Amino acid sequence: MLKIVNSEINLEVTPFEKITNTTETGFYHEWLKMYVEFQAKGINLTTTWECYIGELEEFYSQLIDLKDSSIAKQVIFSPMEGMITMIISKNIGPEESYSFKFKIATSVRSDFFVEGIIGMDQTYIHGIIEGVHNLIHY
């Protein structure tokens with residue numbers, strides 16, 4: 001499960017089914033179906049989401065690189081035609097911090113979505129990395 005919770009938002013991504021897509025190992029080998037629950041200041045969105053495990057593995061590697069980087073940069077994760085877009089940015093200043101920008105649509109190619117940005121201290125990146133790892137190894 002991937003979970004991002006602070007005083008402003010509650011985002012939970014919970015896997016419920018892993019499907020073998022092809023017999024060949026690699027990026028498209030497995031497909032993961034997940035529930036997404038988002039809550040913020042009176043907004044509640046619950047939907048399902050799907051992506052290839054290869055997409056999650058790539059995101060995981062990019063998050064590790066972001067955490068270990070000594071420069072400001074960002075990672076963009078937007079599988080399934082942008083149904084969910086997550087942008088995690090690292091800010092270098094007096095203290096290392098991160099921001100989490102998100103856009104969650106109600107369905108693929110939907111005009112209805114929730115969008116926002118929050119600031120996070122450096123403790124959040126470890127939980128996000130662990131959550132993505134847990135999704136990969138569901």
Side-chain angles (χ1 to χ4, degrees):
M1 173 190 302
L2 170 61
K3 193 172 191 177
I4 301 173
V5 177
N6 70 12
S7 61
E8 298 178 50
I9 70 163
N10 182 3
L11 173 66
E12 292 185 21
V13 180
T14 307
F16 67 89
E17 184 178 9
K18 187 184 272 189
I19 300 166
T20 300
N21 185 51
T22 177
T23 56
E24 297 176 20
T25 59
F27 193 87
Y28 300 105
H29 176 65
E30 294 176 308
W31 183 256
L32 189 63
K33 293 184 175 187
M34 297 162 276
Y35 292 114
V36 176
E37 295 181 65
F38 175 83
Q39 297 174 334
K41 300 186 184 202
I43 298 169
N44 293 312
L45 173 66
T46 304
T47 188
T48 57
W49 178 41
E50 301 169 351
C51 73
Y52 292 106
I53 294 295
E55 292 172 303
L56 289 168
E57 290 170 338
E58 191 174 86
F59 183 45
Y60 179 79
S61 295
Q62 292 172 345
L63 287 170
I64 297 291
D65 291 344
L66 179 71
K67 179 183 71 74
D68 294 340
S69 175
S70 59
I71 60 171
K73 60 191 253 182
Q74 69 180 12
V75 172
I76 300 171
F77 183 63
S78 187
M80 198 175 168
E81 300 183 43
M83 183 176 169
I84 293 184
T85 300
M86 293 187 243
I87 302 171
I88 300 175
S89 302
K90 183 174 191 172
N91 309 305
I92 304 293
E95 293 185 22
E96 181 180 302
S97 65
Y98 295 84
S99 63
F100 175 60
K101 184 174 183 177
F102 55 90
K103 181 178 177 182
I104 305 170
T106 54
S107 63
V108 175
R109 293 181 295 279
S110 175
D111 291 332
F112 299 98
F113 55 86
V114 174
E115 184 174 28
I117 187 168
I118 61 167
M120 303 181 296
D121 65 36
Q122 59 194 17
T123 60
Y124 281 85
I125 194 69
H126 299 286
I128 294 170
I129 290 169
E130 182 180 330
V132 173
H133 181 268
N134 291 340
L135 294 176
I136 292 167
H137 297 285
Y138 168 74

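Quick note: numbers below take in every heavy atom, side chains included, and nothing from hydrogens, waters or symmetry partners. Computed from a predicted model, the values in this text were never measured in an experiment.
Judged by distance alone, with hydrogens and angles left aside, the side-chain atoms of N21 form a donor-acceptor pair with the main-chain N or O of Y28 at under 3.5 Å. Counting only distance, with no hydrogens or angles, the side chain of Y124 and the backbone of V5 share a donor-acceptor pair below 3.5 Å.
Rounded to the nearest 0.5 Å, atoms OG1 (T85) and CD1 (I104) are 9.5 Å apart. One distance of note links CG of L63 with NE2 of H133; it measures 12.5 Å at 0.5 Å rounding. We find the CG-CD1 distance between L66 and I125 to be 5.0 Å, quoted to the nearest 0.5 Å. Taken to the nearest 0.5 Å, the CD1 atom of I84 stands 7.0 Å off from the CE atom of M34. With rounding to the nearest 0.5 Å, the separation of NZ in K73 from CD1 in I92 is 10.5 Å. Residue E37 holds its CD atom at 5.0 Å from OG1 of T46, rounded to the nearest 0.5 Å.
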Where do I9 and F38 land on the side-chain contact (heavy atoms from CB on, under 4.5 Å) test, with the steps shown first? CA-CA 7 Å; I9 70 163; F38 175 83; 4.0 Å; yes
Go through the steps to decide whether I64 and I129 satisfy the test side-chain contact (heavy atoms from CB on, under 4.5 Å), and finish with yes or no. CA-CA 7 Å; I64 297 291; I129 290 169; 3.6 Å; yes
Step by step, would you call I88 with I76 a side-chain contact (heavy atoms from CB on, under 4.5 Å)? CA-CA 7 Å; I88 300 175; I76 300 171; over 6 Å; no
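Around CG of N44, the count of heavy atoms belonging to other residues, nucleotides or ligands within 6.0 Å exceeds 12.
E55 meets the side-chain contact (heavy atoms from CB on, under 4.5 Å) test with F27, C51, Y52, F77, P79; sequence neighbours excluded. Remark: K101 engages I87, E115, I117 in a side-chain contact (heavy atoms from CB on, under 4.5 Å) (not counting sequence neighbours).
Put simply, W31 and L135 are part of two different groups of oily side chains (I, L, V, M, F, W, Y) that touch within less than 4.5 Å, one to the next. I128 and I136 fall within a single hydrophobic cluster, where Ile, Leu, Val, Met, Phe, Trp and Tyr are joined by side-chain heavy atoms under 4.5 Å apart, directly or via other members.
Centroid-to-centroid, the aromatic rings of F100 and Y98 stay 6.0 Å apart or farther. Side-chain rings of Y138 and F16 stay apart, their centers remaining 6.0 Å or farther from each other.
Between L32 and P15 the shortest heavy-atom distance is CD1-CB, 3.9 Å. Residues V132 and L2 approach most closely at N-CD1, 4.2 Å, considering heavy atoms. Of all non-hydrogen atoms in N134 and M1, the two that sit nearest each other are CB-N, 3.7 Å.
V13 has its side chain within reach of W49: a pair of non-hydrogen atoms, C-beta onward, lies under 4.5 Å apart. The shortest distance between side-chain heavy atoms of Q39 and I43 does not fall below 4.5 Å. For the pair H29/T20, a side-chain contact is recorded, criterion being any heavy-atom separation below 4.5 Å from C-beta on. In this structure the side chain of D121 never reaches within 4.5 angstrom of the side chain of S97, judged on heavy atoms.
Evaluation of the salt bridge (Lys or Arg N to Asp or Glu O under 4.0 Å) test over residues 88-99, restricted to residues two or more places apart or in two chains, returns K90-E96.
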